2 protein chains.
Amino acid sequence: MTTLFKPIKPKKISEEIVQQIKALISKGQLKPGERVPSERDLATMLGVSRPSVREAIMVLDAMGLVESRQGGGTYVRSLTEHSIADPLTGMVTNNPQLLYDLSEVRIGLESWSAYLAAQNATDEELAELEQLLEKMRRLAPTGGWPAEVDTQFHYAITSASHNTIQVHVLNTIHSLFKATIEVALFEFYRREGYAQLLLEQHEAIFSAISARNPELARQKMIEHLSIVKQKMSEFLVKPTNS
Amino acid sequence: MTTLFKPIKPKKISEEIVQQIKALISKGQLKPGERVPSERDLATMLGVSRPSVREAIMVLDAMGLVESRQGGGTYVRSLTEHSIADPLTGMVTNNPQLLYDLSEVRIGLESWSAYLAAQNATDEELAELEQLLEKMRRLAPTGGWPAEVDTQFHYAITSASHNTIQVHVLNTIHSLFKATIEVALFEFYRREGYAQLLLEQHEAIFSAISARNPELARQKMIEHLSIVKQKMSEFLVKPTNS
DNA sequence: TGTTAAAAACTGGTCATACCAATGCAATCA
DNA sequence: TGATTGCATTGGTATGACCAGTTTTTAACA
């Protein structure tokens, strides 16, 4: 009743661009960490000038939705980064005990991703998972695969949940891991010859998702990530030997 | 205190200008309704180009601190008339699909809380849950209980997970919920006489946690919160899971 | 042949300039 | 005196250019 009339305000071009990019992020068509087309490309795509695009990007930057690095490009940030990660990132580095909690939260979130993925994954997404799995099958006999392949596999599962918030929250949690010891932990697996076990677990997870079995997918993901939590405990007991 | 090193990021000129104008406004040297010097004047004053000034003004405009009218000039807005919230909050409120996603993520997190609580809850924490439950039993016949009691119950469960990160993450998600429509949704339950059903679900959750049965606690929490998601779907258009 | 170093191709950051459109003010005219 | 016209001001947009980092490609080297 009070808002029957919409304010008459000629919308600026840059505001329109802000709206469009925000919508793309909401819909998940622009995922966290993904790259936004260059200012020049966006300008030609939208049929506007570069300053207009720039003004939009500056606004999105100020809102914390994107991040620009000179020469590097513009990237989508996690929506939950400043509300979840910022207060935590300092705490985690000062208190390694929290890494255990963090890995536990990750189990909860990723198992939920697997659950949702088993419900919502498209055939294309299943094919992508299969492809990543195939790559791991090939590299397993050599002792393991690069950490980035592992990351891609887990990310693809979360992406298949078709839930924008889930993707952003998990991306935030994952960045906290990356900021600390994830890579070191992964290298640890390689040296200890865990490749075959990890591969089998990945196969089990993928198989459950393909079979559209949410509960099983969740269970297999919990088993898989519990290893991480376990190894984390061993790390936390021993002091760093660097 | 927690951050020993400052972030290494070259500040852009426009950001510097935003900071300056923001400071002038908060110091009261630029009062609401007052006019900001023209873009061209500001440019010469600060010794920068007009586009840089424009980018700054656009950011301040998006933040709701100033308002520009073509040909009219730029004016400082009164701080109270349009308080600015977290951009994520705005996106969620304007995006039904995100709201649905949010409730789904909440199910995943809270069911995990219930799972962990069933493993880690102390007797004191179980007693606290019992106490909250007793309060709900008393108030159920009157049609329901205050929303805050419900919040306390769920918070107590997450707290019993004994996981600092889990508490923080769920707090963030929950505040997002509260900032949007949780209260309205809860009032909806009261009017529709859901009190008895919700009470029974709470009893089931508590009972599973007391019995140290993580899987059952998780299952009961999922059932419980799925009602929220379901009601949400009725509020909105059926999600399409693009 | 494999590694490394130079260079070329982006990409964001900044600037200068020009023109359009809306506004506000003031001189002008009825 | 009051309404109107006209001009200067201001924000909105567009081009084009150059600088400064980054990334990728290429080419030289060991």
Side-chain angles (χ1 to χ4, degrees), chain A residues 6-22 24-25 30-77 142 146 148 152 178, chain B residues 6-22 24-25 30-77 82:
Chain A
K6 51 199 182 224
I8 298 187
K9 45 160 197 236
K11 51 191 141 196
K12 301 180 255 260
I13 285 187
S14 59
E15 286 177 352
E16 172 71 23
I17 300 176
V18 167
Q19 235 177 319
Q20 280 200 35
I21 295 185
K22 260 169 67 173
L24 287 178
I25 294 177
L30 274 178
K31 296 168 185 172
E34 202 165 322
R35 179 174 193 163
V36 179
S38 75
E39 297 175 352
R40 292 172 177 84
D41 286 352
L42 272 178
T44 57
M45 282 184 211
L46 299 168
V48 299
S49 70
R50 198 181 148 209
S52 295
V53 173
R54 255 194 87 69
E55 286 167 8
I57 294 200
M58 295 302 297
V59 169
L60 291 167
D61 190 333
M63 288 200 262
L65 267 56
V66 302
E67 191 175 20
S68 298
R69 291 194 317 274
Q70 181 173 195
T74 303
Y75 296 83
V76 179
R77 291 180 53 180
T142 72
E148 77 187 48
Q152 284 173 11
K178 210 178 303 182
Chain B
K6 311 134 197 92
I8 300 185
K9 52 157 193 153
K11 48 190 128 184
K12 304 183 252 268
I13 285 188
S14 59
E15 286 177 353
E16 172 71 25
I17 299 176
V18 168
Q19 251 180 311
Q20 281 200 34
I21 296 186
K22 250 167 67 174
L24 287 179
I25 293 179
L30 273 178
K31 301 182 178 73
E34 199 167 329
R35 177 169 192 170
V36 179
S38 76
E39 296 176 353
R40 291 171 178 84
D41 287 352
L42 272 178
T44 57
M45 282 184 211
L46 300 168
V48 299
S49 71
R50 198 182 147 205
S52 296
V53 173
R54 257 194 85 68
E55 286 169 7
I57 301 251
M58 295 301 297
V59 169
L60 292 167
D61 191 335
M63 288 199 242
L65 288 175
V66 304
E67 191 175 21
S68 298
R69 289 192 316 275
Q70 181 174 181
T74 303
Y75 298 83
V76 179
R77 298 218 300 192
H82 221 299

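Side chains included, hydrogens not; waters and symmetry mates left out as well; all remaining heavy atoms used. Each chain gets a letter, A, B and so on, in the order the sequences are listed, and its residues count up from 1. From a predicted model like this one, the values you see are computed outputs, not experimental measurements.
Here B:E15 pairs with nothing under the side chain to side chain donor-acceptor pair (under 3.5 Å) rule; sequence neighbours left out. Every residue two or more places apart in sequence or in another chain that forms a side-chain contact (heavy atoms from CB on, under 4.5 Å) with B:P37 is listed here: B:D41, B:L42, B:M45. Among residues two or more places apart in sequence or in another chain, the side-chain contact (heavy atoms from CB on, under 4.5 Å) test is passed with B:Q19 by B:E16. For B:S49, the side-chain contact (heavy atoms from CB on, under 4.5 Å) test picks out B:P51, B:S52, with sequence neighbours left out. Under the side chain to side chain donor-acceptor pair (under 3.5 Å) criterion, A:Q152 pairs with no residue, sequence neighbours left out. Remark: B:K22 pairs with no residue by the side chain to side chain donor-acceptor pair (under 3.5 Å) rule, at least two apart or across chains. Applying the side-chain contact (heavy atoms from CB on, under 4.5 Å) criterion to A:Q70, with sequence neighbours excluded, gives no partner residue.
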Show me the protein contacts with nucleotides 11-13 of chain C, counting only N or O atoms at under 3.5 Å.
{"unit_1": "C:dT11", "atom_1": "OP2", "unit_2": "A:S38", "atom_2": "OG", "d": "3.3"}
{"unit_1": "C:dT11", "atom_1": "O2", "unit_2": "A:G71", "atom_2": "N", "d": "3.4"}
{"unit_1": "C:dG12", "atom_1": "OP1", "unit_2": "A:T74", "atom_2": "OG1", "d": "3.3"}
{"unit_1": "C:dG12", "atom_1": "OP2", "unit_2": "A:E39", "atom_2": "N", "d": "2.9"}
{"unit_1": "C:dG12", "atom_1": "O4'", "unit_2": "A:G71", "atom_2": "N", "d": "3.4"}
{"unit_1": "C:dG12", "atom_1": "N7", "unit_2": "A:R40", "atom_2": "NH1", "d": "2.9"}
{"unit_1": "C:dG12", "atom_1": "O6", "unit_2": "A:R40", "atom_2": "NH2", "d": "2.9"}
{"unit_1": "C:dG12", "atom_1": "N2", "unit_2": "A:Q70", "atom_2": "OE1", "d": "2.9"}
{"unit_1": "C:dG13", "atom_1": "OP1", "unit_2": "B:K12", "atom_2": "NZ", "d": "3.0"}
{"unit_1": "C:dG13", "atom_1": "OP2", "unit_2": "A:R54", "atom_2": "NH1", "d": "2.9"}
{"unit_1": "C:dG13", "atom_1": "OP2", "unit_2": "A:R54", "atom_2": "NH2", "d": "3.4"}
{"unit_1": "C:dG13", "atom_1": "N7", "unit_2": "A:R50", "atom_2": "NH2", "d": "2.8"}
{"unit_1": "C:dG13", "atom_1": "O6", "unit_2": "A:R50", "atom_2": "NH1", "d": "3.2"}

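Here chain B contacts DNA chain D (any atom closer than 4.0 Å to a heavy atom, that is under 4.0 Å), and the contacts span D:dT10 to D:dT13 from 5' to 3'.
Considering OG1 of B:T74 and CG of B:L30, their distance stands at 11.0 Å, rounded to 0.5 Å.
Recorded end-axis angle for the helix from C:dT1-D:dA30 to C:dA30-D:dT1 stands at 10°, based on five pairs per end and rounded to 10 degrees.
Both A:Y75 and A:V48 lie close to DNA chain D; mapped to their nearest nucleotides by heavy-atom distance, the more 5′-ward contact belongs to A:V48.
Applying the salt bridge (charged side-chain N to carboxylate O under 4.0 Å, His left out) rule to pairs touching residues 63-77 of chain A yields A:R77-A:E81, sequence neighbours excluded.
What separates CD of B:E15 from C1' of C:dT14 is a distance of 14 Å, to the nearest Å.
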* To do: Run the numbers on B:V18 and A:M58 for side-chain contact (heavy atoms from CB on, under 4.5 Å), then give the verdict.
  => CA-CA 11 Å; B:V18 168; A:M58 295 302 297; over 6 Å; no

